[in-house]
> 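Below is a structure I'd like to ask you about.
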Amino acid sequence: MKRIFCSFFAFIVICLSSSASAAYTDIIRVGLAYGSTAKAVATIKSQSGFKLGSMNGLTFNSTTTTNETTLNITYANGIYNVTNSSGESIYTGENVATEAISGTTNFDGYNYYGAFGFNAESSGKLTVINYANIENYIKGVLPYEMSASWPIEALKAQAVCARSFVLGNLNKHKSYGFDVCNTTNCQVYHGTERADVNSDSAVDQTKGQILMYDGKLAVGYFFSSSGGATESNENVWGGTPIPYLRGVVDIYEDASASSKNVWSVTLTAEQIADKLKSAGYSIGQVADVKVTKRTEMDNVNQVTVTDTTGKSVVIENDDVRTVFGLNSIRYTINGDNSSNNNNSSSNGSTANAVYVNGSGVTDGSFYAIGADGSKAYIGSVNGKTVLTGSGTQKISLATTKTISSDSYVFSGTGWGHSVGMSQYGARSMANMGFTYTDILQFYFTGVTISQM
Ligand SMILES: [Zn+2]
């Protein structure tokens, strides 16, 4: 009886451990040098000396050790050569990997836990890869993505985001033999350089935790500031709507918490033409620039630029930010928010009024047509220019005012791509007493937090 029980128990343990480890890798391959930054000579240092060997998949196999504290790795004619600081060869092989005997390996001025792999590129130079345990990796990312002085619940939310982001981006740099690079292209990572008790604690307190939606990993996208509302993925990056990446009205973020999240950029007609041409668009002398479509979240989704010949260029999705070099997709042009007037309930302080705060807009210059065909003319209410529509019916502009100006003022709030978690919003929520789970479930629709 006892024997049966033990077998049964062992079976359970094996099943649990195999299912837990099979789901997601706990080793992240981080490219520290590759392509234009690949090394003719890769120099690594360790106070403790090195184990030398090779990688078998994600596992480092040590075949020998050395007390040398500085190693130089080069490649020629199919053979990797490891020399000491005196230039003496101490190891050669058809492949090579290293690991500090204890502690970290120093490479290019930063210290990293985990093994190092070196792969010759076609140039003969070396791709340098750090095989980092995911928890050490997140500790090396967190203080670069969010200030370690921010509240712990915001840091914990960021840790879960970063973990879920990297697991959603494995093999991003597959052609170079690693998962993620160590720059903003993926996530900034410099090993132990900015290790901090707060950020390390946030990683430890959320160890192995990831975002899940409908039983699958949810990729933890994040950005600096929403400025008032996040955005659904398809309105930024195009493609298929992802259910957990829905835009939310950000009732928590305090845009004034950072001056960089409230911004204004003035571009001349000539600068706008130059930016469009740089982005591959064909346009003549710019005569008009206006927002022609907003999302349900009131973010800019389409901008139309018209030149003096009447030719128009339509810019959509994230291009409305990147083509003009703006900080976010949440802005007005010359104070003109009028394109939102097809949604009478989201813009304006009363259900039956729509603000059109364009400079130079005069009484009677617009009228709106209600669903029943009735017209509502523009007027002034409480010092603000409004269209008084009929009830809550949708109204649309019958005429639009063309702003003729040599320069265009883009005024906005927010910073970044607007998809997923607002970091400033996370900070505000943490300051209000919300937990990291509250924060993540606010910004990622319908997610749960699970062990990887
Ligand atoms: Zn990258």
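Positions are given from 1, in the same order as the sequence printed here.
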> What side-chain donor-acceptor pairs closer than 3.5 Å can you find for residues 188-200, not counting sequence neighbours?
from	atom 1	to	atom 2	distance (Å)
Tyr189	OH	Asn130	OD1	2.6
Thr192	OG1	Asn111	O	3.4
Arg194	NH1	Pro143	O	3.3
Asp196	OD1	Asn198	N	2.7
Asn198	ND2	Ala148	O	3.1
Ser199	OG	Asp196	O	3.3

> Do the ring centers of Phe410 and Phe324 come within less than 6.0 Å of each other?
yes
> My understanding is that only residues two or more places apart in sequence, or in another chain, count here; which of them pass side chain to side chain contact (heavy atoms under 4.5 Å, CB included) with Thr66?
Phe50, Leu52, Glu68, Leu71, Ile90
> Tell me, with the steps shown, if Gln158 and Gln423 meet side-chain hydrogen bond (donor to acceptor under 3.5 Å, both in side chains).
CA-CA 8 Å; Gln158 181 70 56; Gln423 294 173 307; 2.7 Å; yes
> Looking only at the aromatic ring of each residue, does the gap between the centers of Phe60 and Tyr131 stay below 6.0 angstrom?
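No, ring centres 6.0 Å or more apart.
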> Looking at residues at least two apart in the chain, or sitting in another chain, which of them share a side chain to side chain contact (heavy atoms under 4.5 Å, CB included) with Lys125?
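Checked Lys125 against side chain to side chain contact (heavy atoms under 4.5 Å, CB included); matches are Ala38, Ala40, Ser123.
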> Please determine whether the number of non-hydrogen atoms from other residues, nucleotides or ligands lying under 6.0 Å from atom NZ of Lys45 exceeds 12.
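No, NZ of Lys45 has 12 or fewer neighbouring heavy atoms, counting only those of other groups under 6.0 Å.
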> Partners of Pro151 by side chain to side chain contact (heavy atoms under 4.5 Å, CB included), sequence neighbours excluded?
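Ala154, Arg427, Ala430, Asn431.
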> Please list, chain by chain and in numerical order, all residues satisfying side chain to side chain contact (heavy atoms under 4.5 Å, CB included) with Ile449, sequence neighbours excluded.
Gln209, Leu211, Tyr436, Thr437, Leu440
> In chain order, what residues pass the side-chain hydrogen bond (donor to acceptor under 3.5 Å, both in side chains) check against Asn182, with sequence neighbours excluded?
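With sequence neighbours excluded, Asn182 shows a side-chain hydrogen bond (donor to acceptor under 3.5 Å, both in side chains) to no residue whatsoever.
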> Partners of Asp250 by salt bridge (charged side-chain N to carboxylate O under 4.0 Å, His left out), sequence neighbours excluded?
none
> Under the rule for side-chain hydrogen bond (donor to acceptor under 3.5 Å, both in side chains), what residues qualify as partners of Asn81, not counting sequence neighbours?
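So Asn81 forms a side-chain hydrogen bond (donor to acceptor under 3.5 Å, both in side chains) with Ser89.
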> Sequence neighbours left out, what passes ring pair (Phe, Tyr, Trp, His ring centres under 6.0 Å) with Tyr221? Give chain and number order.
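Tyr221 satisfies ring pair (Phe, Tyr, Trp, His ring centres under 6.0 Å) with Phe165, Trp237 only.
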> Considering residues at least two apart in sequence or located in another chain, which fulfil the salt bridge (charged side-chain N to carboxylate O under 4.0 Å, His left out) criterion with Glu270?
none
> Of all the heavy-atom pairs spanning Asp179 and Asn171, show the shortest one and how long it is.
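Closest approach of Asp179 to Asn171, heavy atoms only: OD1-N, 2.9 Å.
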> Can you name the residues that form a salt bridge (charged side-chain N to carboxylate O under 4.0 Å, His left out) with Asp108, not counting sequence neighbours?
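Counting only residues at least two positions away or on another chain, Asp108 forms a salt bridge (charged side-chain N to carboxylate O under 4.0 Å, His left out) with Lys39.
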> Can we say Asp318 and Arg321 salt-bridge, meaning some charged N sits less than 4.0 Å from an Asp/Glu carboxylate O?
yes
> What class does the angle between the rings of Phe442 and Tyr252 fall in, given that below 30° is parallel, 30 to 60° is tilted and above 60° is perpendicular?
perpendicular
> If the condition is salt bridge (charged side-chain N to carboxylate O under 4.0 Å, His left out), which residues does Glu135 pass it with, not counting sequence neighbours?
Arg163
